[in-house]
Amino acid sequence: MDNEKVELDMDIENLEFARNMANSDLNVPYLNRISTDLFGASSIKKEQVKNLMSDPIKNASELQKVYNIIKNTSGTLKEIVLYKTNILTYDHFIVPLDMNKYNNKDKLEKAEFNAASQLEKYQLKYNLPWIVQRVVEQGVIYLYKVETSTEIYFIEIPASMCTMTSFKDGVWRFGINVKKLTEKNIVCYPDEIQDIYIKNKSGGLRDELIDNTYYELSENAFAFTLERFSDKGTPYYSHLLYDLLSLDELKGMETESAKLDNYKLIHQIPLTDKDGKMQHTNDVNTMYHNALKKQVPNGVGVVTSPLKIDSVTLGNSKESKMNYYNKLEESIYSSSGINSELMNGSKSSNEAVALGAIIDTLLAFKVLNEIKHWLNIDLKRNAKTKNWKVTFVESTKHNRQQMINDAKSTITTWFGKRMYMALQGYTPLDSINIIKYEDMLGLSDVLKPLMTSHTASSSDSGRPSNSETEGSLTQTGEAE
């Protein structure tokens, strides 16, 4: 009876020791902390994105928020958007709408200079890249134009405060949510919106509001959207968000796998008798366990157990993970319409890459055409530019030099001189001033171009005549 009681006490003590080991800080939870450190900071989950994508138009505002969060953590998404929206050079020049309005050269030159000076205020080469990028990122952008005596600048109004209200002359107009205007944020908005806030506060907008919420702004307020006839916009690359989160998970798994490969687990076996029962008490074994645990560095775990522990590897690890990672990354580039060879390809460049570079421009040109339409309408509102329009050269970072070379070879025949200046990166005002400046200095007489088949006259061709060379040629040496 006493032996049975001793055995029962030992079983209870062994069970209590095992329970203490399971509940104590063994360094084994270090494995779990790896995952927490890698993925705990992200507030966006794949299932959340999947649910939002079930109805993108309805969830447009939420998708825009999710996109902004993922954009700040995904280098792949950043590079794709940066590449697609900055591939154009935005070279442009102006042409008159009606030449019959100018009956002499002086009048034409003056009108062109005034129009170019007004267009210069828009700072197109500075503003267009970020506007195109925002349209692609959000699917829509709400802008307010502010003009001073020296410049024109654009204020982006948050999409959460706006809604499309009308479509006039092919341009979207929008209204602002007056309920979201406060004393704190009103100072960030243009004077018109500040006046609206004051008027609404006094109850003066009651009959002018749309749905008792939105007030349509003046013609200075306009919107660009990827979906031309849709009053809502979703991020162009929203379909990539799920795959991008999966890609980040795989990166985390690779990091975790590397840490696990270097993780060491020390197995301390308590002293037992021939029947497998521990010879020391629970407190003594725990003391030995804690003493060893304090001596090991981070990344090394300690477990004290009388049971045998074997190492088990699940899956064929690195190779399969890397193959899946590469396939997923290739799928992301494919879905974005970008040839992966342009980003991190290991293959040689070929015709497919060249054709891919042309396709990569379609998105940016789509947005640019919408902006150009608004711009030419806006120019008609100003007396200096109402008889002029802006034309953009279809030049990109890829084909610009080729277009310049083509222009040089045809510039003496049909190619437009203003277009050639635009391809060189000059704005219309730059082109006018440079030509006049160099003409006044007489640089064309000082810096003459080298003679070519285009610059040589008929009298300059062929060998010199006898009369031209008589007396100037001498014969030296004598026959052997």
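Predicted model, so just to flag it, every value in this text is computed and none were measured.
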Do [X] and [Y] come close enough that some side-chain heavy atom pair is under 4.5 Å?
{"X": "L77", "Y": "L241", "value": "yes"}
{"X": "N433", "Y": "F113", "value": "yes"}
{"X": "N220", "Y": "R381", "value": "yes"}
{"X": "Y90", "Y": "N127", "value": "no"}
{"X": "I196", "Y": "K199", "value": "no"}
{"X": "N177", "Y": "T163", "value": "no"}
{"X": "K78", "Y": "L82", "value": "no"}
{"X": "V81", "Y": "Y67", "value": "yes"}

Drop me the distance from [X]'s [atom1] to [Y]'s [atom2], to the nearest 0.5 angstrom.
{"X": "L209", "Y": "Y214", "atom1": "CG", "atom2": "OH", "result": "11.5 Å"}
{"X": "S431", "Y": "K417", "atom1": "OG", "atom2": "NZ", "result": "13.0 Å"}
{"X": "T165", "Y": "Y215", "atom1": "OG1", "atom2": "OH", "result": "11.0 Å"}
{"X": "L181", "Y": "I176", "atom1": "CG", "atom2": "CD1", "result": "4.5 Å"}
{"X": "Y237", "Y": "D243", "atom1": "OH", "atom2": "CG", "result": "14.0 Å"}
{"X": "E112", "Y": "Y102", "atom1": "CD", "atom2": "OH", "result": "9.5 Å"}

What residue among T85, V367, L143, V136 forms side chain to side chain contact (heavy atoms under 4.5 Å, CB included) with I131?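 Testing each of T85, V367, L143, V136 against I131, the sole residue satisfying side chain to side chain contact (heavy atoms under 4.5 Å, CB included) is L143.
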
Run F392 and L88 through side-chain contact (heavy atoms from CB on, under 4.5 Å) and show every step you take. CA-CA 10 Å; F392 286 89; L88 305 185; over 6 Å; no

May I have the step-by-step check of side-chain hydrogen bond (donor to acceptor under 3.5 Å, both in side chains) for E137 and N68, ending in yes or no? CA-CA 8 Å; E137 288 180 338; N68 286 329; over 6 Å; no

Should the heavy atoms of other residues, nucleotides or ligands under 6.0 Å from [atom1] of [X] be counted, would the total exceed 12?
{"X": "K397", "atom1": "NZ", "result": "yes"}
{"X": "K389", "atom1": "NZ", "result": "no"}
{"X": "E109", "atom1": "CD", "result": "yes"}
{"X": "R206", "atom1": "CZ", "result": "no"}
{"X": "Y126", "atom1": "OH", "result": "no"}
{"X": "K110", "atom1": "NZ", "result": "no"}
{"X": "D195", "atom1": "CG", "result": "yes"}
{"X": "D211", "atom1": "CG", "result": "no"}

As a quick check of understanding, evaluate side-chain contact (heavy atoms from CB on, under 4.5 Å) for N114 and Q118, giving each step before the final call. CA-CA 6 Å; N114 289 336; Q118 177 65 18; over 6 Å; no

With side-chain contact (heavy atoms from CB on, under 4.5 Å) as the test, would you mind laying out the steps for E394 and F365 before giving the verdict? CA-CA 8 Å; E394 293 189 355; F365 274 128; 3.9 Å; yes

Are L379 and W388 close enough, and set up right, to give a side-chain contact (heavy atoms from CB on, under 4.5 Å), and what steps lead you there? CA-CA 7 Å; L379 291 178; W388 296 81; 5.8 Å; no

Between [X] and [Y], what is the shortest heavy-atom contact and its length?
{"X": "S166", "Y": "K168", "answer": "OG-CE, 3.7 Å"}
{"X": "P129", "Y": "L124", "answer": "CD-O, 3.9 Å"}
{"X": "F93", "Y": "R418", "answer": "CB-O, 4.1 Å"}
{"X": "T225", "Y": "G139", "answer": "OG1-O, 3.2 Å"}
{"X": "V171", "Y": "H373", "answer": "CG2-CD2, 3.9 Å"}
{"X": "N59", "Y": "L52", "answer": "ND2-O, 3.0 Å"}

Set out, in order, the CA-CA distance, both residues' side-chain angles and the distance that settles side-chain hydrogen bond (donor to acceptor under 3.5 Å, both in side chains) for K84 and Y236, then state yes or no. CA-CA 11 Å; K84 278 293 191 81; Y236 183 78; 5.5 Å; no

Is there a donor-acceptor pair under 3.5 Å between the side chain of [X] and the backbone N or O of [Y]?
{"X": "N104", "Y": "K107", "answer": "yes"}
{"X": "Q64", "Y": "G233", "answer": "yes"}
{"X": "K50", "Y": "K45", "answer": "no"}
{"X": "N376", "Y": "V390", "answer": "yes"}
{"X": "Q194", "Y": "Y189", "answer": "yes"}
{"X": "N387", "Y": "D98", "answer": "yes"}
{"X": "E192", "Y": "S218", "answer": "yes"}

Hey, which of K145, K372, K386 is the one that makes salt bridge (Lys or Arg N to Asp or Glu O under 4.0 Å) with D378?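 When salt bridge (Lys or Arg N to Asp or Glu O under 4.0 Å) is applied between D378 and each of K145, K372, K386, only K145 qualifies.
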
Working for side-chain hydrogen bond (donor to acceptor under 3.5 Å, both in side chains), residues Q401 and N405: CA-CA 6 Å; Q401 189 57 50; N405 294 338; 3.2 Å; yes

Below 30° counts as parallel, above 60° as perpendicular, anything between as tilted: where do the rings of F154 and Y122 land?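 Tilted: the ring planes of F154 and Y122 meet at 30° to 60°.
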
Partners of T182 by side-chain hydrogen bond (donor to acceptor under 3.5 Å, both in side chains), sequence neighbours excluded?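 For T182, the residues satisfying side-chain hydrogen bond (donor to acceptor under 3.5 Å, both in side chains) (neighbours in sequence not counted) are N185.
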
